[in-house]
Structure formats: structure tokens, C-alpha cells
Amino acid sequence: MCGISGIVDSEPIGTRLFTSIRNLEYRGYDSCGIATLHEGQINARKNTGGVDEVNSTEQLDQLPGTIGIAHTRWATHGGVTQENAHPHLSMRNEFAIAHNGIIANYQRLREQLIQQGFEFRSLTDSEVISNLLENAFYEEQDLEQALQSTLKKLEGTFGLVMISLHDPERIYAAKQESPLMVGLGEGTNYVGSDINAFLEHTRRAWVLEDGEYAVLDRERVIIRKFPSGKMVQKQVLQIEWDLETTKKGGYSHYMIKEIFDEPQTIRQVLKVPDEQIQKLAETLTGATQTYLIGVGTTFYVAQLGQYFFSILASRFFPVVSSDEFRAVGQVQPGNTVLAVSQSGETYDTKHALAMAKERGAQTAGIVNVMGSTIARMVDQVIMQGSGPEICVVSTKAALAQALILLRMALLAGGKNIPEKRRNALNQSLLDFPDLIQQVLNEKSGFVRNLANATSHVDHWLYLGCGAYYPVAMESALKMKEVTYCHAEGMPAGFLKHGTLSMVEPRVHSLLFVPPPEDAVLHGRTMVAMEEIRTRGGTVMGFYFEGDEVARPLLNHSVKLPPTDPVLAPVLQMIVAQLFAYYVALDLNRNIDKPRNLAKSVTVG
Ligand code: F6R
């Protein structure tokens with residue numbers, strides 16, 4: 001959460017700094033600001049609102065100077081106000097900092113500084129950092145020493161960038177648990193929370209580890225450890241992401257653009273070598289106990305993986321939400337924990353993995369973002385290769401993760417799956433990109449009409465059986481995130497155990513109907529449908545061609561072309577993404593940046 005960046009150059013950097021936080025805006029968007037050094041003073045402009053909105057009043061991109069830092073905020077400590085927006089200047093305006101993370105001991109530090117005569121302008125935890133730096137500089141008369149002694153005092157998490165009048169040619173940056181990367185340019189250098197801060201300018205990066213700080217000038221970057229000050233040599237991370245995928249490319253929102261990227265996303269998944277997936281499959285099946293973890297969408301993706309492993313490999317792997325893993329995960333040596341994470345920076349997932357490591361378990365990840373903490377901390381990683389996902393809600397990345405888990409389960413099942421069955425599923429996987437393209441082309445107009453017809457509905461029940469259950473859960477989450485409507489997902493068979501009392505004509509239910517050949521699941525879904533219909537509930541359904549049982553019972557429906565029964569729930573997940581998007585569009589929601597949310601949740 002929160003995006004930070006910094007640029008040092010010999011040319012003016014106002015526009016580039018502004019663009020960098022615009023590109024990081026999915027990390028937080030309640031307020032933002034920029035500080036640059038120019039003609040012996042720090043100029044800072046900041047305000048509440050999204051990046052473009054703030055720029056229209058504050059002209060952030062017009063700030064003069066060839067060195068500066070920037071921040072886009074997702075508030076934790078202190079409300080959304082101009083004073084609480086970053087960057088924060090020190091009391092004498094000699095230092096400016098932008099911070100991502102939480103300073104746990106900020107209250108004590110703040111009181112100490114106040115006793116020493118410092119005054120504060122904001123209610124944030126972050127402002128102590130600028131004043132600590134100023135205070136330390138007056139004691140030590142050396143900027144790097146002042147940074148080191150400040151870092152020593154901080155408890156908690158930080159990705160931090162700083163500029164100072166006392167060293168007008170350099171940016172200082174430090175990392176403890178919150179992500180930070182240096183972008184290596186020619187006669188210019190960059191720092192940012194993630195690759196998107198500088199992808200337009202350089203594809204060469206150094207990833208900072210916890211306990212490291214960087215000093216950047218135009219020509220070089222030096223990385224040291226704190227507190228020892230020992231210099232660190234880094235391997236260059238070559239970024240392969242396609243810049244075009246970070247652009248909206250004519251679509252009105254990233255969400256719909258990223259949904260339409262999905263055929264290509266699947267092709268990328270199919271390029272991940274079998275050997276890599278097989279190796280991880282062996283780790284999972286060879287462990288004395290395997291847990292799958294994720295949180296939010298990735299929790300539901302992991303649940304979908306659980307069904308794939310059960311169906312295709314006859315293996316049961318418990319799935320635990322990363323944030324609860326500490327409470328219930330009884331991890332031991334010999335166990336494996338596989339984490340699913342788009343950003344590779346999610347606090348809860350990182351900490352669950354850290355616990356697993358501490359207790360001697362093997363760790364693994366399916367991760368999208370290159371160089372991210374989770375990608376680097378696990379023993380085995382599969383990079384899903386979905387490219388940048390800019391919309392705050394996950395669509396294409398979740399799809400890729402689901403399909404990697406499917407491929408893994410298929411390889412884990414191996415020869416125990418009859419050859420004919422294996423070949424058929426493999427062929428359907430190969431055909432899947434084209435099938436999805438066809439569904440997107442042919443059904444999106446129809447789904448849009450359906451969304452327009454139902455966008456007044458405030459309460460939804462999303463129901464599915466078997467692998468359609470996690471799809472129902474994930475689809476309900478998508479609906480809530482982008483439309484702000486209430487959507488409750490549950491197993492279809494669960495409905496009669498309580499929630500059925502809610503059913504009435506105004507409450508709509510969306511049923512994820514399996515193809516009729518999946519007879520048991522289809523039958524159970526029909527039972528739930530009847531339970532709702534007989535109580536006057538309105539029923540919408542996603543069903544497959546040839547299903548003459550479901551079709552006449554549905555008030556609204558989307559008919560889908562046939563695919564393999566194992567892929568059928570995945571296809572419906574995509575249609576539910578489209579549906580959520582079009583409802584949100586009709587309701588005029590802030591689709592790419594829904595209220596109160598941020599991508600990459602790096603706080604606990
Ligand atoms: C929902 C969504 C979130 C993330 C969750 C985990 O659309 O995107 O629920 O899935 O915050 O994030 P990652 O995958 O980055 O670990």
C-alpha cells in the first residue's frame with residue numbers, strides 16, 4: 001500500500017515524478033504529493049484526492065528541480081487530509097520524506113521529539129522520520145550517519161525515500177518489510193515501490209532487501225546494509241514486462257482491458273514449462289502435509305486449486321486464508337506451504353510464509369510480480385507471467401493462477417488419470433485461449449445488457465457446488481469490490497441451512513450451473529435453484545449449451561459454449577468478472593480504484 005518514488009537526473013523531473021505516482025496509483029489513492037529540491041529549497045505540493053485530481057489543483061508536474069520524491073497514499077495513521085498527505089517535511093524544511101509502511105513506535109518517538117522542541121504538522125506516523133533525520137543531522141553533521149541512526153530508532157515497516165538540502169544531489173532510500181526497488185538509468189536513477197514506478201524509463205532494476213539502504217545520484221547507486229554500513233553488491237533484475245500492457249489501449253478501464261487480455265494471459269500460462277510445474281507438483285505431493293494459502297481473491301484461487309488437486313490427483317490440501325495461517329497452521333519440518341500472490345508483497349501471505357520457514361517447512365509461490373518479496377523468499381517459485389495488472393481488483397492474474405494450479409494438479413495426477421481423459425483436458429487447455437476470446441467477443445454485449453437490467457439489485461447470493469463454490473465466492477468478492485453491492489457467496493448446498501430465509505423477489509441469486517454431464521454437481525445446483533424459485537427468489541444463472549433443465553428455470557441467464565468440465569468453472573469465473581464490471585459501469589463506480597481499497601496490501 002502507498003506508492004513511493006524518487007528520481008535524480010540533470011533534467012527537470014516534475015512530469016516524470018508525477019507519471020511515476022500515476023503509475024503506482026493502484027497502491028493507494030486517497031491523497032498524493034511531490035517534493036523536489038530546487039534553488040536551495042524543498043518545494044512540496046500535496047493534497048487529498050486521486051493523482052490526476054490533485055494535479056489539476058496543485059500542478060504537481062510543474063514542480064521545478066532535477067531531484068525529487070513522490071507519494072500516493074492509502075491512509076493508515078491519520079485521516080485523509082492535506083496535512084497528512086506525503087511528502088512530509090521536517091520542522092525546518094530541510095528534509096522531505098515519503099514513506100510506505102507503519103512506524104509502530106511513532107508515538108514514543110514523537111513525544112521525545114516534541115520534548116526536544118520539534119513541532120508536527122500532521123497526525124501520521126511517518127512525520128517522525130523527517131524530524132528524526134533533521135535532529136540526527138544536527139547531532140552528527142553527516143547525512144548518511146543521520147540516516148543510519150534514524151533507521152536504528154524506527155520499529156515497524158518502511159519503504160522510505162528522502163531528499164535533503166544538506167545533500168542536494170542525492171536521494172536516500174531504505175527498506176524494512178515494505179517493497180523498494182532501484183531503477184538503473186543512464187545519467188539518471190530511479191527508486192520506487194515497484195517496477196511500475198520506472199518501467200517507462202528503464203528495465204534494469206536492483207531489488208532492495210530488508211535492512212538495506214540506497215544512496216542514488218545521477219551516475220551511480222550505492223547500496224549498504226544498516227546498521228553495519230557494509231556495502232552490498234546486487235544482481236541486475238532484467239524486467240521483461242511489455243510496456244504496452246501497462247496502457248489502457250483504448251479501453252475505458254483497466255479492468256475491462258485486463259479481462260480482454262485474458263486469452264493472452266492463458267497463452268502465457270501455457271508457456272510455463274511442464275518441468276517447472278511438475279517439480280512443484282512433486283514437492284506438494286511429496287510433503288507430509290501441504291497447505292495452500294492466499295488472501296482475498298488468491299484465497300479463492302487456492303480453494304479452486306484444492307478442488308483441482310482433489311479431482312485430478314486425489315489429494316486433499318487444506319487451504320487457509322493467509323491472515324489466519326498463524327492461528328491454525330500447525331506447520332512442521334516436512335510440510336510444504338504454497339502461497340498464491342499476484343503482487344508478491346501481501347503482508348499476511350509474507351508473514352504466513354515466514355512462519356512456515358521459521359518452523360522448517362518448505363515454501364513455494366505462484367507469483368506475478370518479478371523481484372517481489374514472496375518470489376524471492378520461497379524455496380520454489382512459479383512466475384505466472386501475466387504482466388502488469390493495474391486495476392485494483394484482480395482478474396487476469398487470478399485466472400492465470402487458477403490455470404497454473406490446474407496444470408499442476410493434472411501433472412500431479414499423472415498416469416493415474418486415464419490417458420484419454422488427460423489428453424482431452426490438455427487439448428481443452430490448448431483451446432481455452434480461443435474459447436475465451438470467442439466468449440468475450442460474443443457474450444460481452446449480452447452480459448452488459450444483463451448487468452444494466454439488474455444493476456438496481458442491492459443483494460445477491462452467489463451459489464455454486466464443487467469447484468463452482470470457490471468461483472461463486474470469488475465472483476461475489478469481485479461484485480462487492482467494484483459495485484459496492486452486497487453479494488454473498490456460499491456453497492449451493494449451504495443455502496438451506498440458514499441463508500434461505502433471506503430469499504424474496506428483491507434478493508437475486510446467481511447460480512453457477514455446471515454442464516449437465518457433470519451430473520452430480522448439476523443435480524445439486526438444480527436443487528438449490530428450486531429452493532429459491534419456490535420461495536419467490538429471482539434466479540440468474542450461467543449455464544452451458546444443451547442444458548435444457550436449467551434454462552427454463554432461470555429468470556436471467558448467460559448461455560456458454562461447452563468446454564471440459566474441469567475448465568467450465570474457470571470459464572464462468574471470467575463471465576462473472578465481466579458481469580461485475582458492467583454492473584459497476586452502469587452504477588458509475590470508480591472501477592479501477594474502488595473506494596477504500598488498494599492493490600498490494602502490505603500492512604497487517
Ligand atoms: C481482489 C484482490 C485482492 C487480492 C489480495 C491478495 O480483487 O485483488 O483480494 O487478491 O489482496 O493480493 P496478492 O495476490 O497481491 O497477494
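The model shown is predicted, which means the values in this text are computed figures rather than measured ones.
Using modelled atom types and a 3.5 Å distance limit, the side chains of S321 and D323 yield a donor-acceptor pair. Side-chain contact annotation: D434 with Q438, donor-acceptor N/O pair under 3.5 Å absent. Of the N and O atoms on the side chains of N100 and S193, not one donor lies less than 3.5 Å from an acceptor on the other residue. With no hydrogens or angles considered, a side-chain donor-acceptor pair links S394 and E389 at under 3.5 Å. The closest side-chain donor-acceptor pair between T72 and E25, if any, does not fall under 3.5 angstrom. Side-chain atoms of T538 and N555 form no donor-acceptor pair, as typed in the model, at a separation below 3.5 Å. A donor atom on one side chain and an acceptor atom on the other are found under 3.5 Å apart for T297 and K478. In this structure, a donor-acceptor pair under 3.5 Å is present between the side chains of Q384 and Q401. Side-chain N/O atoms of Q268 and K271 include a donor and acceptor closer than 3.5 Å. In this structure, a donor-acceptor pair under 3.5 Å is present between the side chains of Q427 and D431. Side-chain contact, E504 with H459: no donor N or O sits under 3.5 Å from an acceptor N or O. A donor and an acceptor atom, one from each side chain of S455 and D586, are located under 3.5 Å apart. Side-chain contact check for E345 and S372: no donor-acceptor pair (N or O, by modelled atom type) lies under 3.5 Å.
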- Task: Go through the steps for W74 and Y26 under the test ring-ring contact (aromatic ring centres under 6.0 Å, His included), then give the verdict.
- Result: CA-CA 10 Å; W74 186 85; Y26 52 78; over 10 Å; no
When you look at F316 and F309, which way does the ring-ring contact (aromatic ring centres under 6.0 Å, His included) test go after all the steps? CA-CA 7 Å; F316 171 67; F309 275 101; over 10 Å; no
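Summarising the geometry of S444 relative to L440, their closest heavy-atom pair is OG-O, 2.7 Å, with the distance given to 0.1 Å. Taking all atoms of both residues into account, the shortest heavy-atom contact from G344 to S341 is N-OG, 2.9 Å. The nearest pair of heavy atoms linking T483 to A580 is CG2-O, 3.6 Å. Here the closest heavy-atom approach between residue L500 and residue E531 is recorded as CD1-O, 4.1 Å.
A salt bridge is absent between R422 and E419: the closest approach of a Lys/Arg side-chain nitrogen to an acidic carboxylate oxygen does not fall below 4.0 angstrom. Looking at R421 and D564, a side-chain N of the basic residue comes within less than 4.0 Å of a carboxylate O on the acidic one, giving a salt bridge. Using a 4.0 Å cut-off between charged side-chain N and carboxylate O, K279 and D274 make no salt bridge.
Looking at F325 and Y291, their side chains come closer than 4.5 Å, going by heavy atoms from C-beta outward. Counting heavy atoms from C-beta outward, L429 and L270 have side chains that approach closer than 4.5 Å. In this structure, Q362 and N335 have side chains that are not in contact, with every pair of non-hydrogen atoms separated by 4.5 Å or more. When side chains are defined from C-beta on, L553 counts as touching M526, because their heavy atoms get closer than 4.5 Å.
Ring geometry, H497 versus F494: the interplanar angle exceeds 60°, so the pair is classed perpendicular (tilted spans 30 to 60°).
A cation-pi geometry, defined here as NZ or CZ lying under 6.0 Å from the six-membered ring centre and within 45° of its normal, does not hold between R551 and Y543.
A distance of 9.5 Å separates OH in Y581 from CZ in F260, rounded to the nearest 0.5 Å.
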